[in-house]
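A quick write-up on the structure given underneath.
Along the sequence shown, residues are numbered consecutively beginning with 1. Computed from a predicted structure; not experimentally measured. The basis for the numbers below is simple: all heavy atoms, side chains too, and nothing from hydrogens, waters or symmetry mates.
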Amino acid sequence: MAIKHFLQFKDLTREEFEYLFERTRWIKQQFKSYKQYWPLVDRTLVMIFEKASTRTRLSFEAGVQQLGGAAIYLNTRDSQLGRGEPVEDAAQVISRMSDLVMIRTFEQDIVERFAAKSRVPVINGLTNEYHPCQILADIFTFIEHRGSIKGKTVAWIGDSNNVCNTWLQAAEVLDFNVHVSTPPGYEVEPERAGLYGTDHYEEFSDPMEATRDADLVTTDVWTSMGFEAENEERKRDFEHWQVDAEMMAVAKPEALFMHCLPAHRGEEVAAEVIDGPQSVVWDEAENRLHAQKALMEYLLLGKINE
């Protein structure tokens, strides 16, 4: 099988995602039933972190171990990558000593260059531009609760960051719609989102209008990693983009709320929403584990018929 990477959401087809969602459901079921499932015995995942993480490290490290494999954690501060070793050289060495690589870093260019020289599959654990594993888990969570996402409307409220960019790519691949509302000056950049002419998203200056009749309302912190110096300015700019009960009330009655976490209650989301009955953030967080297990299995072993 040719090496497959998962660097952007659009790297896989609709058919591949449909397979992954079904595998995620099955793998989660095994986990919940305490059934051992070890398809990745003797396989090693190398995790390279330039950006700090809680959920990404835990879900990948626990995930590969639950599939019978092993994980090795590398921080760029503690390795030659942090001392100027070319990404291409590191890729050739690391991929000769492992079976799978996950990278969480700043520039998308880094994971692209690493993958170009890697002998093994490479997964984007997050970059400034994209967060494909998060949206893989988010869409599985929606399917779990509400069925197919095809034709549905997702309202993105807040900063047009890497998570927003990935939702836009996912809408293209899986045929649903995204309503985006950002403060002035924080709008989506189509080229950065990897979009070149699309019918699947619409921008709204008023977040209430973006949320109206949505099936899913989702947001993220106002200040992403790397933008901490802008924190106070962003708090002022995003003041009217908090997802609160009033905003959720104009979405569909059965609408779900998601947040990739960590969350700041009282900023991008009101406590009554994230801790309320429409919120599925804890299922969403757990599903990073199961969706990534399905992804790792697929990248290493291809399709499996159980």
Worksheet entry | Q169 side chain to N165 side chain, donor-acceptor N/O pair below 3.5 angstrom | no
Worksheet item: Under 3.5 Å, is there a donor-acceptor pair linking the side chains of K28 and N287?
Response: yes
Practice prompt. Assert yes or no for the condition that the ring centre distance of W167 to F9 is strictly below 6.0 Å.
Written response: no
Fill in: Check ion pair D89-K117 (N to O, under 4.0 angstrom)
no
Worksheet item: Is the CZ atom of R119 crowded by more than 12 outside heavy atoms at less than 6.0 Å?
Response: no
Worksheet item: Is a donor on one side and an acceptor on the other found under 3.5 Å between the side chain of S98 and the backbone of T44?
Response: no
Worksheet item: Same cluster for L301 and L67 if Ile/Leu/Val/Met/Phe/Trp/Tyr side chains link at under 4.5 Å?
Response: yes
Discussion item. Is the shortest side-chain heavy-atom distance between V64 and K293 below 4.5 Å?
Written reply: no
Fill in: Full working for salt bridge (charged side-chain N to carboxylate O under 4.0 Å, His left out) between D159 and R234
CA-CA 9 Å; D159 191 16; R234 282 173 173 258; 2.9 Å; yes
Worksheet item: Side chains of E187 and S160: does their closest heavy-atom pair fall under 4.5 Å?
Response: no
Discussion item. Show, in sequence, the C-alpha distance, side-chain angles and deciding distance for N177 and Y201, and conclude whether the side-chain hydrogen bond (donor to acceptor under 3.5 Å, both in side chains) test is met.
Written reply: CA-CA 6 Å; N177 305 301; Y201 96 98; over 6 Å; no
Worksheet item: Does H179 reach the side chain of T153, with side-chain heavy atoms less than 4.5 Å apart?
Response: yes
Worksheet entry | E268 and H259 side chains, donor-acceptor separation under 3.5 Å | yes
Item to complete: Check whether any side-chain heavy atom of L261 lies under 4.5 Å from a side-chain heavy atom of I274, and answer yes or no.
Response: yes
Discussion item. Between K252 and D215, does any NZ, NE, NH1 or NH2 come within less than 4.0 Å of an OD or OE carboxylate oxygen?
Written reply: yes
Practice prompt. Check whether any side-chain heavy atom of F257 sits under 4.5 Å from a side-chain heavy atom of V243, and report yes or no.
Written response: yes
Fill in: Check: E254 and R146 side chains under 4.5 Å, non-hydrogen atoms
yes
